[in-house]
Every structure is written in C-alpha cells, then in structure tokens.
2 protein chains.
Amino acid sequence: MTRNPIPEIVIGRLPVYLRALTRLLEQGRQVTSSQELGERLGISAAQIRKDLSQFGEFGKQGTGYDIEFLVAKIQEILKVDRVWEVAVVGAGDVGHALVNYGGFHDRGFKIAQIFDNDPDKVGTSYKDIVVMDIAQMQEKIRKAGIKIAMLAVPASVAQEVVDQLVEAGVEAILNYAPVNLVVPPGVRVQYIDPSVHLQTMTYFLD
Amino acid sequence: MTRNPIPEIVIGRLPVYLRALTRLLEQGRQVTSSQELGERLGISAAQIRKDLSQFGEFGKQGTGYDIEFLVAKIQEILKVDRVWEVAVVGAGDVGHALVNYGGFHDRGFKIAQIFDNDPDKVGTSYKDIVVMDIAQMQEKIRKAGIKIAMLAVPASVAQEVVDQLVEAGVEAILNYAPVNLVVPPGVRVQYIDPSVHLQTMTYFLD
DNA sequence: CCTGATTTGTGCAACAAAACACAATCGTGG
DNA sequence: CCACGATTGTGTTTTGTTGCACAAATCAGG
C-alpha cells in the first residue's frame with residue numbers, strides 16, 4: 001500500500017535493513033523475522049514491521065520474511081534496483097579511496113566521472129577512469145545525465161563547486177567537505193565528516 | 001537549565017553548530033544570532049536556542065551569542081576541549097586517507113596508532129606513524145589508554161576486531177566497514193557507509 | 001534617561017515517532 | 001483436520017521533538 005508521505009527517518013533505515021538482509025543472504029539464509037533483524041540492528045521488531053508495512057505487506061504471518069523477496073522490494077523502493085552513475089569531485093585521498101572502493105557496484109552505484117582542478121592530476125587514471133578538468137565538469141555531468149555527486153574537495157571551495165553541480169543537474173550530493181552546504185529545494189545533501197561523528201560520541205566518554 | 005538527561009538528538013547537532021561557529025570565527029566574526037546560524041544550517045532558530053539552553057544561558061538578549069565564548073562552551077560540553085588519542089585499524093585506502101587528513105587536529109583528535117594484519121604494511125610509516133601488527137593491538141591500546149577507534153577493515157572481520165577493541169577498553173568506534181556491529185552497553189558506534197548515505201537519497205530521485 | 005529595535009530563553013501546544021498489544025494468519029505435528 | 005506456537009500488520013497509547021509566541025533583557029540613538 002503506497003501510502004502518502006513516508007517519513008524521511010523511515011527511508012533512512014531502509015538502507016540499513018537492506019545491508020543486513022543482503023548479508024543474511026550471503027550467509028545462505030532464506031527467511032528471517034522482524035525479531036531476528038531487530039536484534040542484529042539494535043532496533044525494535046515492532047519498528048521494523050511498521051517501517052516495512054508503509055510500503056506493502058512483505059511478510060508472512062507465522063513465518064517471517066523471505067529475504068530474497070524483501071531485498072528485491074527494498075531495492076525497488078530505494079530505486080537501487082538499477083545502477084546510478086556517480087561523479088566524484090576532488091581527486092585527493094578521499095576521492096582516491098572512493099574510486100578504489102569496490103563496494104558500490106552491488107549497491108546501485110557506479111563511479112563514472114572524476115574531476116579535479118590540479119593540472120598534475122588531470123589526465124591521470126584512477127582505476128580505469130581518467131581524471132578530468134573541473135572546468136569541463138558541468139558539461140560532462142549534464143551530457144551524461146548524472147544526478148549524484150560525491151564531493152571530496154577542500155572546505156574553502158565546496159559551496160562554489162556545489163553551486164556548479166546543482167546547475168549541472170545534480171540532485172543528490174554526498175559531502176565529505178567539513179562545511180554545511182546551501183542548496184535549493186529538491187536537492188539533497190548527506191554529510192560525512194569524521195570529526196562530527198567522533199564529537200557526538202566524546203560527550204558520552206568519561 | 002535542565003542538566004538532566006540531554007536527548008541524544010541534541011548532542012548530535014552540537015558538532016554541527018560547532019563547525020559552523022568555528023567557520024564564522026575564521027571569517028573574523030565575533031557575534032552571531034540563532035537566526036543567522038539557523039539560516040546557514042537549515043535549522044529553525046528556536047531549535048538552536050532550545051538546544052543550547054539545555055546546557056546553560058550562553059547568549060545575550062538583544063545581542064546574540066559571542067562566537068568565541070560559545071565555541072569554547074560547546075567544546076567543553078562535547079569534551080573536545082582536549083585532544084583524544086585515536087587508533088585506526090586497517091591501513092588500506094580509508095585508513096590511509098584518515099591518517100593523511102589534517103582536519104582532526106583542531107577538532108579534538110589525534111591519530112596515535114595504526115594497525116593492520118598485512119605483513120607488507122606492518123613497519124611502514126603513514127605520515128610519522130608506524131603501522132603496527134594487529135596482534136599487538138589490544139596491548140598497545142590498553143597501554144595508551146585509548147578510548148576511540150576508527151575501523152577501516154573488511155566487513156568480514158569487522159565484528160571480530162570490534163570485540164577485541166572493546167575488550168581493550170575502547171568505548172567509541174567510528175565504523176567504516178559496511179556492517180552493523182554488536183557492542184555491549186556503554187560502547188558507542190557511529191557508522192559511515194557511503195552506499196547507505198547515497199541510498200537514502202536515491203529514494204527521492206525521479 | 002527614554003524609546004524602539006533586537007534577540008534570548010522558555011512554557012505550552014502541536015506534531016512526530018516509537019512502543020505496546022493483540023487479532024489474524026500461517027505452518028507443523030500429531 | 002485440529003491445536004498450538006510463531007509471527008505479521010496495525011489501531012492505540014505513550015513518549016519524544018519541534019514550533020510558536022511572548023516576557024524579559026539589552027543596546028543604540030537622540
């Protein structure tokens with residue numbers, strides 16, 4: 001039952017469910033329950049059931065959830081039942097690690113383009129992808145119809161690059177630069193800043 | 001004024017405030033308001049005021065907040081008014097990028113130890129830190145009294161390493177491995193998984 | 001010293017999320 | 001083919017979070 005506006009917090013949990021379910025599949029499991037999943041994720045069983053029920057009835061009473069089926073459903077909901085081309089901006093250590101990372105392939109993403117403004121880097125290859133000049137970024141992204149970018153540039157130029165990305169049609173940005181970004185409505189940003197993550201934990205240390 | 005149990009969601013916003021305030025300081029600003037801060041962060045002014053008021057009265061009516069003072073207060077609250085030694089486990093691309101990253105220094109963290117199980121990597125230096133064998137991890141971490149670790153190992157061994165870290169006294173883990181970790185009460189985990197972050201955004205794409 | 005423009009801190013109301021609890025359903029084993 | 005244990009989906013209750021609105025405080029200018 002595709003209900004009206006699904007809370008964003010629910011959407012945020014789906015990738016976590018998906019990751020755990022995929023792992024169960026790899027372990028040869030065929031069926032699981034909200035209880036088992038909840039124990040593994042530290043989430044209540046009721047919450048998992050309610051989250052999933054927002055999108056349909058995927059389980060069987062008395063039995064649980066067929067993992068393969070549920071994985072397919074969540075992939076469909078999250079629109080990762082396809083492969084999205086992604087652009088990486090910034091060919092420093094982070095950009096390098098992202099390009100080398102093998103984990104995107106099975107999860108709906110493929111790094112298609114890399115950009116940097118350093119002439120020494122432009123033209124070199126990361127894996128089988130040639131680093132392009134950031135001056136060509138907008139044209140290349142628009143031409144390829146890329147909607148997703150990962151931003152791994154210095155904080156000082158992040159906002160400027162974001163403005164260009166948005167103008168080129170990008171609608172989802174994973175930001176590794178340690179600054180808040182201002183984007184127009186309809187464009188989403190997710191933040192990865194190790195210091196921020198660490199600082200949320202130090203509060204609880206002695 | 002209520003110093004009792006502060007909601008975790010509030011704690012999670014403080015590092016973001018801190019980052020923005022620090023940036024304002026760098027720009028030479030001395031005073032700001034909840035309204036200005038809110039506009040920059042996409043958060044309501046009321047929320048910022050309420051969050052901060054959980055810890056004390058840091059602003060001045062009619063004037064706003066003295067940025068330097070507020071930065072100091074938030075650093076104190078988050079316990080990043082000191083420098084925490086951090087251990088990195090896994091000397092692959094991610095571990096490498098973390099060690100090279102210059103952004104920890106001013107934000108309360110210092111990478112003090114790196115571990116890997118690859119004999120080819122053990123003994124080599126990343127920056128000025130020598131990669132140590134993971135076999136010595138528990139001893140080294142315990143001896144140094146390290147409470148914070150960043151985990152950048154393959155998913156298949158992540159839980160096993162975490163168990164060792166916890167046993168060695170680590171209480172906060174920033175996990176780059178794409179798996180959910182099970183930890184005892186009192187130990188905190190934060191997750192960084194680019195695919196998960198991206199998948200929360202694809203839902204909203206066309 | 002008074003007035004008006006700001007801006008904080010907060011009580012209260014509105015909204016959102018999580019937990020509870022249970023009828024309905026399913027599969028199994030006797 | 002019946003009874004029982006397991007498990008879902010969901011209406012209701014409980015708990016938590018956010019937004020609103022305003023008194024109180026502050027400052028600048030005349």
Side-chain angles (χ1 to χ4, degrees), chain A residues 1-17 20-21 24 29-74 77 200 203-204, chain B residues 1-17 20-21 24 29-74 77 200 203-204:
Chain A
M1 303 302 159
T2 320
R3 282 201 199 162
N4 299 353
I6 311 283
E8 197 157 340
I9 195 164
V10 173
I11 302 298
R13 281 190 293 261
L14 294 186
V16 178
Y17 299 163
L21 289 164
L24 283 171
R29 299 284 309 281
Q30 298 201 323
V31 171
T32 188
S33 65
S34 59
Q35 188 176 12
E36 182 185 40
L37 205 51
E39 277 163 13
R40 298 209 173 202
L41 300 179
I43 294 178
S44 82
Q47 173 137 90
I48 291 173
R49 291 202 300 279
K50 189 152 266 184
D51 283 353
L52 294 175
S53 75
Q54 303 261 319
F55 303 95
E57 306 195 355
F58 303 139
K60 251 190 193 157
Q61 284 157 328
T63 308
Y65 299 91
D66 180 279
I67 300 176
E68 198 169 347
F69 176 77
L70 188 52
V71 162
K73 278 296 178 187
I74 297 179
I77 293 163
T200 67
Y203 174 81
F204 300 97
Chain B
M1 294 273 213
T2 325
R3 320 226 162 193
N4 291 3
I6 311 284
E8 196 157 340
I9 194 162
V10 173
I11 302 298
R13 281 191 292 261
L14 294 187
V16 178
Y17 299 164
L21 290 164
L24 283 171
R29 299 285 307 282
Q30 298 202 325
V31 171
T32 187
S33 65
S34 59
Q35 187 175 13
E36 181 186 41
L37 204 51
E39 277 164 13
R40 297 209 175 202
L41 300 178
I43 294 178
S44 83
Q47 173 139 92
I48 291 173
R49 291 201 303 276
K50 188 154 268 184
D51 283 353
L52 295 176
S53 75
Q54 303 262 319
F55 303 95
E57 308 195 352
F58 303 139
K60 252 191 191 153
Q61 286 157 328
T63 309
Y65 298 91
D66 181 278
I67 300 175
E68 199 169 346
F69 176 76
L70 189 53
V71 162
K73 278 298 178 186
I74 297 179
I77 293 164
T200 67
Y203 174 81
F204 299 97

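Chain A is the first sequence line, chain B the second, and so forth, proteins listed ahead of strands; every chain is numbered from 1.
- Side chains of Y65(A) and L52(A) form a contact here, defined as non-hydrogen atoms less than 4.5 Å apart.
- The shortest distance between side-chain heavy atoms of V10(B) and F55(B) falls below 4.5 Å.
- I48(A) and I43(A) make their closest contact through CG1-CG2, 3.9 Å (heavy atoms, listed as atom of the first residue, atom of the second, distance).
- Rounded to whole angstrom, the span from the CD atom of E57(A) across to the C1' atom of dT25(C) amounts to 11 Å.
- With dG9(C), dT7(D), dG9(D) as the candidates, the nucleotide lying closest to the side chain of Y65(A) is dG9(D).
- Side-chain contact between D51(B) and Y17(B): present, with at least one pair of heavy atoms (C-beta onward) separated by less than 4.5 Å.
- In this structure, F69(B) atom CZ and dT8(C) atom P are separated by 14 Å, rounded to whole Å.
- Rounded to an integer number of Å, the gap from Q35(A) CD to dA6(D) C1' is 10 Å.
- Put simply, the side chain of Y203(A) does not reach to within 4.5 Å of the side chain of L14(B), judged on heavy atoms.
- Side chains of L24(B) and R40(B) form a contact here, defined as non-hydrogen atoms less than 4.5 Å apart.
- Atom pair Q54(A):CD and dG11(D):P shows a separation of 12 Å (rounding to whole Å applied).
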**OP:** Quick one, give me the B/S/- string for nucleotides 17-27 of chain D, reading 5' to 3', where B means a protein heavy atom under 4.0 Å from the base and S means that only happens at the primed atoms, P, OP1 or OP2.
**Re:** SSB-B--BBBS

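- Counting to the nearest Å, the P atom of dA17(C) and the CD1 atom of I11(A) are 11 Å from each other.
- Between L70(B) atom CG and dT7(C) atom P there is a gap of 16 Å when expressed in whole angstrom units.
- L52(B) has its CG atom 11 Å from the P atom of dT10(C), to the nearest Å.
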